[in-house]
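Presented below is the structure to which this report refers.
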Amino acid sequence: MDFDFSDEQVAVRDLAAQIFTGHATVDRIKQIEAGNERIDRDLWAALATANLLGIALPEEDGGSGLGLMSLCLVLQEQGRRLAPVPLLPTIALGALPIAEFGTVEQRSTWLPRVISGEAILTAALDEADSIDPAAPRVIASAGGRLSGSKVVVPAGHIADRVLVPASTPDGVTVFVVDPSADGVTIDVVDTTDHQRAAHITFVNAPTEATLGRAGDGAAVVRWILDRGLVGLAAIQLGVADEAIRLAAEYTSGRLQFGKPLSTFQGVSLRAADAYIDASAMNVTLWQAAWRIDEGLDASREVAIAKWWAADGGERVVHATQHLHGGMGADVDYPVHRYFLWGKQIADSLGGASKQLARIGADIADAYR
Amino acid sequence: MDFDESPEDAAFRGEALAWLAENASRRGPVTANAVADDPAHVARCKKWQATLADAGWAAIAWPAAYGGRGATSRHQSLFNEEQSKFDVSTGVFAVGLGMAGPTLIAHGTEEQKDRFLPPLLRGDEVWCQLFSEPGAGSDLAGLSTRAELDGNDFVVNGQKVWTSGAQHSDWAILLARTDFDQAKHKGLTYFVLDMRSPGIEVRPLRQINGVAHFNEVFLTDVRVPAANVLGEVNGGWGVALTTLANERNFIGGGTSSIGFANIVDRARASGRTNDPLVRQELAEAFTRFEVLRFIGYRIQTAFAQGRVPGAEASILKLLYSRHVERNGNLGVDVEGAAGMLSGADAPDDGLWQQQFLTQWAMRIGGGTDEVQRNVVGERVLGLPAEPRPDKYAPFRELVRN
C-alpha cells in the first residue's frame with residue numbers, strides 16, 4: 001500500500017493550484033458573477049495552455065493519459081478557489097465518454113478541440129420526473145429525433161455539443177446533439193452557486209450521431225455518471241478543505257470575551273468535526289478514483305465517495321459558514337460562496353439519499 | 001394540566017379572526033418576496049399598524065396606559081397566529097414593538113414613554129437596534145462605540161453592524177460606552193437616538209439570500225441629548241438585558257410565514273410524497289411544528305401566571321433556529337434536481353432557496369446557538385460558568401479586535 005501521490009501527480013496538482021490561485025481571485029469571481037455566461041474564459045485558456053484540459057485524456061488523442069486521478073487533483077484545486085470554469089462537464093461528462101465510446105471520427109473531431117480549449121461539452125443527465133438518468137423519459141424516434149426535456153444541465157448554455165441519453169424502441173441510447181439545431185430550446189437558468197446552467201427542451205430535434213452503440217446507452221450513462229460523481233467529490237473536497245482553512249483562520253483572529261473565538265470548545269470541536277468529515281471525503285474520493293483508473297469495479301466506492309461529498313461536505317460548509325458568524329451572510333465576504341458551492345455539489349447528479357439507496361441495493365444484491 | 005385552549009382564549013381567537021376577516025384579505029400562496037425590505041413594504045406595514053391601533057389590536061400585551069390592550073402576551077400570540085393567515089405584515093416594527101417598546105415601558109421615564117410609545121404603537125415611527133459592532137458580536141458587552149458628555153449632550157463615535165431596517169428607521173436604541181475605566185459591563189449607557197441626527201451614515205449589506213435587510217451604521221460626532229439616556233448613565237447593561245430577553249422571545253415566538261402545509265404542498269408538487277425518506281422528513285417536520293407550538297404556549301402561560309420565562313426563551317430560540325434550518329433544507333431537497341436552481345428560476349419563485357439561505361440570520365442573530373446553549377447550561381442545569389478574566393478588568397486594559 002502507498003497513499004502518496006506520484007511525483008507526476010504532485011506536479012499536476014501544484015501546476016493546477018498555481019493557475020487557479022493566480023486567476024480565480026475574489027475580485028475576478030465577482031466580475032464573472034456579474035457577467036452573462038458566468039465562465040472565466042481567460043482561465044479556461046490558461047488551463048488549455050498549461051495542458052491541463054487534456055490531462056486525463058488518452059495520449060493517442062493528444063492528451064497526457066494520466067487518468068481520472070490527475071483530473072481529480074485539478075478539480076480539487078478548482079474547488080479550493082471556486083473557479084468558474086466548466087471543467088467537470090467538459091472533461092468528465094463529455095470528453096472522457098467520447099474517448100471511451102466514440103468512433104475514431106468523433107474522437108478526432110472533438111478531443112483535440114477540448115484539449116486546446118476551443119470546445120465545451122456536457123451531458124444532459126437530469127430530468128424533472130425521472131430519478132434514474134439511465135432510464136430517461138426523453139424519447140428518440142427510430143430516425144433519432146428527440147422529444148422531451150432535461151433540466152439543470154451544467155454548462156448547457158455554452159456547450160458546443162451535448163450528450164443526451166434517450167429511450168428508444170431498442171433501449172436507451174446516448175446521442176450527440178448540436179444544441180444550436182432546430183427543435184432544441186435552451187433555457188438559461190441561475191443556480192445556487194451563482195453559476196448558470198440550462199433546461200434543454202427537444203421537439204422532434206435532430207441528433208448528429210450516437211455515442212456507443214444504439215441500445216447500449218444505459219451502460220454508457222452509468223459510466224459517465226460514475227466519472228461525474230467522482231469529479232464532484234473531488235471539487236467538494238477542495239471546497240471543504242479551503243472552507244475549513246478559512247474558518248480556522250477567522251476564528252483564530254477574532255477576539256470575543258478577551259480571547260480568540262477558536263479557543264472556545266463550542267467552536268474548536270465543531271471545526272474538528274468538520275476536519276474529520278473532510279478526511280473521510282478525502283479517503284473515499286481517492287479510493288474510488290484509484291479503482292476506476294486501475295480498471296477495478298468501483299460501483300459501490302463511487303457512491304460512497306459521493307455520499308461523503310454530499311453528506312459530509314454539506315456538514316462541513318454548514319459548520320464553516322456558522323463559525324464565521326454574521327460574516328457568512330454578507331455577500332461582500334467570500335466565505336458564503338463555499339456554502340453555496342457545497343450545497344450545489346451535494347445536490348448535483350443525485351444527493352446523499354440517492355447514493356445510500358445505490359449502496360444499499362448493491363449490498364442487498366451481493367448477499368442475496 | 002390542560003392542553004386545550006380555555007373557552008376565554010378560544011373566544012378571543014374567534015373575535016380576532018372575525019375582525020381580521022373584515023379588515024384584511026386572506027394570504028395567497030406563500031412567495032419568496034415575503035421578506036422584502038423595500039419602501040413599499042414599509043408603507044404597507046405602516047398602514048396596517050395604524051389600522052390595528054385604531055381598532056385596539058396594536059400591542060395587545062402592553063398596558064392600557066400606554067395605548068396597549070392591557071391583555072397578556074398569550075393573547076398577542078393568539079392574535080399573531082390568526083394574523084399570519086392574512087396578507088398583512090408588521091415586520092418593519094419588529095424592533096420597535098418587540099424590543100424598544102418593552103424596554104421603554106420597563107426603564108423609561110414618564111416623559112420618555114409619553115413621547116415615544118404612542119407613535120411607535122401607531123406605526124408612525126420605525127425603530128432599529130444599534131447594538132452589535134464589528135468587534136462585538138457574541139461578546140456584546142465588549143462594544144467600543146464611545147459616548148462622551150459635552151454640555152447637555154453626549155457625543156457618539158463608533159460603528160455598528162447587522163442593524164435590521166436602519167435605512168427605514170426614525171429612531172434607534174443605542175448601546176455605547178461612557179466609561180472605559182470600569183469593567184466591560186459597567187461602563188455602558190443605553191440611549192434613544194434620533195436617526196435623522198447629523199453624523200449618521202447607513203450602508204446596506206447585501207446578504208446571501210439576496211436581500212439587503214441588514215446595515216452598517218457609522219456614527220461620527222453624533223449628538224444625543226442627555227435627556228435621551230434610558231435608565232442610568234453607566235447602567236446600560238441592565239437595560240440592554242431587558243431588550244435581549246425580549247429579542248429572544250420575539251425570534252423564538254416568530255410566526256413564520258411558512259407553515260407545515262406549505263412544506264407538504266412542495267413535496268406533493270415535486271411528486272415526492274411516496275418516497276419513504278421524504279415521508280419521514282415530513283413526519284419529523286410535523287413534530288417540530290407541534291413541539292414549538294406547545295413550548296411557545298408554555299412560555300406565554302408562564303407570562304400569564306406572572307412568571308418571567310428566562311432560559312425557556314433560549315430553548316425556544318435554539319429550537320426555532322434549528323427548525324428553520326431543517327425546513328429550508330427539506331424544501332430544497334424535495335425539489336430534486338430543481339433544488340440546484342436559484343431566484344425566479346427555482347420552484348415557487350425561489351421561496352425554498354430563500355428559506356434555506358435565510359437560516360443564518362436565525363442561527364446567529366439575537367445570540368448564536370452557542371450563546372443560547374451556554375445560557376441553558378448555566379441557568380437551567382446550574383453548571384459553573386466559564387472562567388471570565390475579561391469580566392472584571394477595566395475595559396481599557398482588555399485585548400480587543
Side-chain angles (χ1 to χ4, degrees), chain A residues 125-131 150-154 187-197 199 253-261 264-267 270 314 318 321-322 324-333 336-337 339-340 343-354 356-357, chain B residues 132 134-142 161-162 184 205-210 212-214 270-271 275 277-278 325 329 332-333 335-346 350 353 356-361 363-365 368-371 373-374 386 388-391 393 398-401:
Chain A
L125 300 175
D126 279 324
E127 297 184 358
D129 337 311
S130 164
I131 53 161
K150 302 281 183 179
V151 297
V152 208
V153 179
D187 252 332
V188 183
V189 290
D190 289 342
T191 52
T192 305
D193 56 7
H194 294 172
Q195 300 202 55
R196 289 204 154 140
H199 295 336
R254 181 169 173 79
L255 304 175
Q256 292 284 273
F257 306 102
K259 55 182 187 171
L261 267 185
F264 289 91
Q265 290 197 339
V267 171
R270 189 145 187 211
E314 243 193 273
H318 269 83
Q321 177 85 354
H322 185 74
H324 276 82
M327 301 311 289
D330 178 2
V331 294
D332 280 333
Y333 196 82
H336 74 284
R337 286 192 189 82
F339 176 68
L340 298 177
K343 178 65 179 165
Q344 173 97 19
I345 292 166
D347 289 348
S348 290
L349 300 179
S353 64
K354 216 169 182 177
L356 284 185
Chain B
S132 292
S138 293
D139 183 15
L140 178 61
V161 72
W162 310 121
K184 66 200 297 186
L205 290 170
R206 214 160 58 77
Q207 288 152 241
I208 190 169
N209 63 359
H213 171 85
F214 295 117
S270 295
D275 181 331
L277 293 175
V278 170
E325 177 196 348
N329 287 350
V332 169
D333 288 348
E335 290 172 357
M340 289 186 276
L341 300 170
S342 80
D345 291 322
Q353 269 274 336
F356 175 72
L357 297 174
T358 300
Q359 60 176 289
W360 302 110
R363 307 201 71 160
I364 304 291
T368 63
D369 288 0
E370 287 75 9
V371 167
R373 287 196 185 99
N374 276 335
E386 213 165 344
R388 288 278 306 277
D390 65 310
K391 212 168 167 177
L398 299 181
V399 245
R400 314 201 292 272
N401 286 290

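The chains referred to below are lettered A, B, ... by the order of the sequence lines, with proteins before strands, and numbering in each begins at 1.
For the options B/G142, B/A136, B/P389, heavy-atom pairs under 4.5 Å to chain A are most numerous at B/A136. In terms of heavy-atom pairs under 4.5 Å with chain A, the best-connected choice from B/G336, B/G137, B/A344, B/G343 is B/G137. When A/S348, A/G253, A/A346, A/A197 are compared by the number of non-hydrogen pairs under 4.5 Å with chain B, A/S348 comes out ahead. Between chain B and the options A/A329, A/G258, A/G266, heavy-atom pairs under 4.5 Å are most frequent for A/A329. Ranked by heavy-atom pairs under 4.5 Å with chain B, the first of A/E127, A/Q344, A/R337 is A/Q344.
Annotation: side chain of A/V152 is in contact with side chain of B/L341 (closest heavy-atom distance under 4.5 Å). Inter-residue side-chain proximity for A/H336 and B/L357 is flagged as unmet; no heavy-atom pair is nearer than 4.5 Å. Here the side chains of B/D333 and A/K343 are in contact, with some heavy-atom distance below 4.5 Å. Side-chain contact between A/F257 and B/S138 is present, with heavy atoms from C-beta onward closer than 4.5 Å. Looking at heavy atoms from C-beta onward, B/N329 lies in side-chain contact with A/H318 at the 4.5 angstrom threshold.
Of the atoms belonging to B/Q359, it is side-chain heavy atoms, and not backbone ones, that fall under 4.5 Å from chain A. Heavy atoms of B/L277 lying under 4.5 Å from chain A belong exclusively to its side chain. Within the 4.5 angstrom heavy-atom criterion, only side-chain atoms of B/K184, from C-beta onward, approach chain A. For A/V151, the part lying near chain B is the side chain, with the backbone staying farther off; criterion is any non-hydrogen pair under 4.5 Å. Using a 4.5 Å cut-off between heavy atoms, A/V267 makes no contact with chain B at all. Only the side chain of B/Q353 comes within contact range of chain A, judged by heavy atoms closer than 4.5 Å. Contact annotation for A/L340: only side-chain heavy atoms (C-beta onward) come within less than 4.5 Å of a heavy atom of chain B. Contact annotation for B/R206: both backbone and side-chain heavy atoms come within less than 4.5 Å of a heavy atom of chain A. Contacts of A/K354 with chain B are absent, with no heavy-atom separation under 4.5 Å from either backbone or side chain. The contact between B/P134 and chain A is made entirely by backbone atoms, counting heavy-atom distances below 4.5 Å. Contact of A/H199 with chain B is made through the side chain alone, with heavy-atom distances under 4.5 Å.
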**Request:** Report the C-alpha separation of A/D126 and B/M340 in whole Å, then their side-chain angles, then the decisive distance to 0.1 Å, and conclude whether the side chain to side chain contact (heavy atoms under 4.5 Å, CB included) test is met.
**Result:** CA-CA 11 Å; A/D126 279 324; B/M340 289 186 276; 3.8 Å; yes

**Asked** Hey, mind stepping through A/L255 and B/L398 against side chain to side chain contact (heavy atoms under 4.5 Å, CB included) and telling me if it holds?
**Response** CA-CA 10 Å; A/L255 304 175; B/L398 299 181; over 6 Å; no

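A 6.0 Å sphere centred on CG of A/L356 holds more than 12 heavy atoms belonging to other residues, nucleotides or ligands.
Judged by distance alone, the side chains of A/H322 and B/E370 do bring a donor and an acceptor atom under 3.5 Å apart.
Remark: B/L205 CG to A/D330 CG distance equals 5.0 Å, nearest 0.5 Å.
Summarising the geometry of A/G326 relative to B/I364, their closest heavy-atom pair is N-CG2, 3.7 Å, with the distance given to 0.1 Å. Residues B/S342 and A/T191 share a closest heavy-atom pair of OG-O, 3.4 Å.
Using the six-membered ring where Trp is involved, B/F356 and A/F339 have ring planes that are parallel, under 30° apart on the 30 and 60° scheme.
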